[in-house]
Amino acid sequence: MASLDRNRRTLIGTVLAIVLFLALNSLVADLWRSKRLDLTEARLFTLSEGTRTVLAGLDEPIRLRLFISQDLVERAPQLAAYAARVQEMLQAYARMSENKLLLEIVHPQPFSDDEDQAVGLGVNQITVGGSQPIFFGLAATNSTDGKGAIPVFSPERETHLEYDLTRLVAELGQRGKGRLVLYDGIGLAGNPMARAPAQQVLQQMRQFFEITTIYGDVDELPADARVLMIVHPQQLSARTRFTIDQWVMNGGATLVFVDPHAETQLGPQPGVPAQDPASDLPELFKAWGIGFDVTRAVGDPVYALRSQRMIGRREIEVSTYPWLALPRQGAGCR
């Protein structure tokens, strides 16, 4: 009889241990569902502060549809790791958005409604080895009539995956772009007379901001301005300096770029270099407590861009210290 009681207690204890183990695992899974430990060398799955800010500021829900063929990995094994990363990144976005991003993974079959929907939303088919085309792209729609897409996730843009996703979400999730006021003293907007197009950085900025360019004397900034960007300011009037100072003192977000020798400054005529390539804001810098020493430069031998230079009538590849080529692990933003 005592042996039977011991066996019963042992059985009950075993059952309770199993129940406790399963309950504990379920609890841990719930508590850590939104946590991910990123052990990759380049922190590929860690969202930047900029992305977190965009997700936190979403004004409306966005529906994300990842169109990925069921047999993608089998037919394009070289995309397996990238496909897994894309799905993991999108899931991280959805978790961080607090239900503002609705993620749906669709496996379109040939000649199906899902295939027609993917094409209609701007997702392209890709052909691997001459067989039936497959899908590996993303479509996004908001609650009105806004839509956007990444037609194909190209491995060549894997290092820009977070940028591409965040740009797409920002365009659809916010009601209107913020206004950036640009004082352009170097020619970012190009020169129609010289047939010089707008520089790439300005084209990318337009994806996130409505840009208003200002010149000459400035008495006031647009009422809806969110950011003031001053590039290569030269001989600013007292009125313009006062306007800038008031904006800064009132807490306005400001970016200032000055250069003692701007090699890329556009001259007044095609092929004619600028007479004075230097820019500075000495009065304002002094008032703001900012030091600017034109006798010093910052370079980096580790991340210096390699370029071709003519040295002694020979073309030699050298490190150009002021020009940096920063990979993710060297950008200092993670």
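Being a predicted model, the structure only gives us computed values, none of them experimental.
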Side chain of Asn250, backbone of Gly252: donor and acceptor closer than 3.5 Å? no

So, Thr159 side chain and Arg157 main chain: donor-acceptor pair closer than 3.5 Å or not? no

Qualifying salt bridge (Lys or Arg N to Asp or Glu O under 4.0 Å) pairs, either residue in residues 306-315, two or more places apart: Arg306-Glu317

Under the salt bridge (Lys or Arg N to Asp or Glu O under 4.0 Å) test, which residues partner Asp145, sequence neighbours left out? none

More than 12 heavy atoms of other groups within 6.0 Å of Gln78 CD: yes

Listed partners of Glu104 passing side chain to side chain donor-acceptor pair (under 3.5 Å), at least two apart: Arg63

I'd like to know if the side chain of Ser97 reaches the main chain of Ala94, judged simply by a donor and an acceptor atom lying under 3.5 Å from each other, with no hydrogens or angles considered. yes

Val123 versus Leu138: any side-chain heavy-atom pair under 4.5 Å? no

Non-hydrogen side-chain atoms of Leu121 and Arg65 separated by less than 4.5 Å: yes

I need the Met96 CE to Glu98 CD distance, nearest 0.5 Å. 9.0 Å

For Asp71, salt bridge (Lys or Arg N to Asp or Glu O under 4.0 Å) partners two or more places apart: Arg75

Can you sort out the partners of Asn142 under side chain to side chain donor-acceptor pair (under 3.5 Å), two or more places apart, ordered by chain and number? Thr144

Find the distance between CD (Glu88) and CD (Gln91) and round it off to the nearest 0.5 Å. 5.5 Å

Sorted by chain and residue number, the salt bridge (Lys or Arg N to Asp or Glu O under 4.0 Å) partners of Arg239 (sequence neighbours excluded) come out as Asp217, Asp219

Linking I/L/V/M/F/W/Y whenever their side-chain heavy atoms sit closer than 4.5 Å, directly or via other members, would Val248 and Leu236 fall into one cluster? yes

Side chain to side chain contact (heavy atoms under 4.5 Å, CB included) assessment of Met205 paired with Leu180: CA-CA 9 Å; Met205 287 163 51; Leu180 182 146; 3.9 Å; yes

Looking at Asp245 and Arg241, would you say the former's side chain and the latter's main chain have a donor-acceptor pair under 3.5 Å? no

Correct closest heavy-atom pair for Gly122 and Ala149 would be O-CB, 3.9 Å

We want to know whether Gln234 and Ser279 form a side-chain donor-acceptor pair, criterion being a heavy-atom distance below 3.5 angstrom. no

Taking the side chain as every heavy atom from C-beta outward, state whether Leu202 and Ile211 have any pair of such atoms under 4.5 Å apart. yes

Could you tell me the separation between the CG atom of Leu79 and the CD1 atom of Ile126, rounded to the nearest 0.5 Å? 6.0 Å

Distance col, row Glu74:CD vs Ile134:CD1, nearest 0.5 angstrom, shows 10.5 Å

Checking Thr254 side chain against Leu228 main chain: does a donor-acceptor pair fall under 3.5 Å? no

Thr53: what forms a side chain to side chain donor-acceptor pair (under 3.5 Å) with it, not counting sequence neighbours? none

Taking atom types as modelled, is there a side-chain donor on Ser307 or Trp323 under 3.5 Å from an acceptor on the other? no

Taking side chain as C-beta onward, heavy atoms only, is Leu47 less than 4.5 Å from Met89? yes

Kindly write out the residues that satisfy salt bridge (Lys or Arg N to Asp or Glu O under 4.0 Å) with Asp224, not counting sequence neighbours, or none if the list is empty. Arg179

If we only count heavy atoms from C-beta on, is the Leu101 to Leu58 side-chain gap below 4.5 Å? yes

If you count heavy atoms of other groups shown closer than 6.0 angstrom to CE of Met249, is the number above 12? no

Given Ile214, which of Leu221, Leu182, Asp184, Thr240 fulfils the side-chain contact (heavy atoms from CB on, under 4.5 Å) condition? Leu221

Taken in chain and number order and not counting sequence neighbours, the residues that satisfy side-chain contact (heavy atoms from CB on, under 4.5 Å) with Phe285 are Val256, Val258, Asp280, Leu281, Trp288, Ile290, Phe292

Please determine whether side chain to side chain contact (heavy atoms under 4.5 Å, CB included) holds for the pair Ile68 and Ile105, giving the CA-CA distance in whole Å, both sets of side-chain angles, and the decisive distance to 0.1 Å. CA-CA 7 Å; Ile68 180 170; Ile105 299 178; 3.8 Å; yes

Do Tyr215 and Thr213 make a side-chain contact, defined as non-hydrogen atoms from C-beta onward lying under 4.5 Å apart? yes

Enumerate the residue pairs fulfilling ring pair (Phe, Tyr, Trp, His ring centres under 6.0 Å) with a member in residues 50-107, sequence neighbours excluded, ordered by first and then second residue. Tyr82-Phe136

Do Met229 and Val231 have side-chain heavy atoms sitting under 4.5 Å apart? yes

Answer whether the closest heavy-atom distance between the side chains of Ile62 and Leu102 falls below 4.5 Å. no

Give a yes or no answer on whether the side chain of His232 reaches the backbone of Pro277 with a donor-acceptor pair at less than 3.5 Å. yes

Counting only heavy atoms not in Lys100 (residues, nucleotides, ligands), do more than 12 fall under 6.0 Å from its NZ? yes

Quick one: pull up CZ in Phe209 and CD in Gln204 and give me the separation to the nearest 0.5 Å. 13.0 Å

Test of understanding: with side chain to side chain donor-acceptor pair (under 3.5 Å), list the residues that count as partners of Thr243, not counting sequence neighbours. none

Taking it one step at a time, do Val152 and Phe135 satisfy side chain to side chain contact (heavy atoms under 4.5 Å, CB included)? CA-CA 8 Å; Val152 175; Phe135 287 92; over 6 Å; no

I need the full list of salt bridge (Lys or Arg N to Asp or Glu O under 4.0 Å) pairs touching residues 112-125, with sequence neighbours left out, sorted by first then second residue. none

Tell me whether Glu220 at atom CD has more than 12 heavy atoms from other residues, nucleotides or ligands lying less than 6.0 Å away. no

CG on Leu165 to CD on Glu162, rounded to 0.5 Å: 8.0 Å

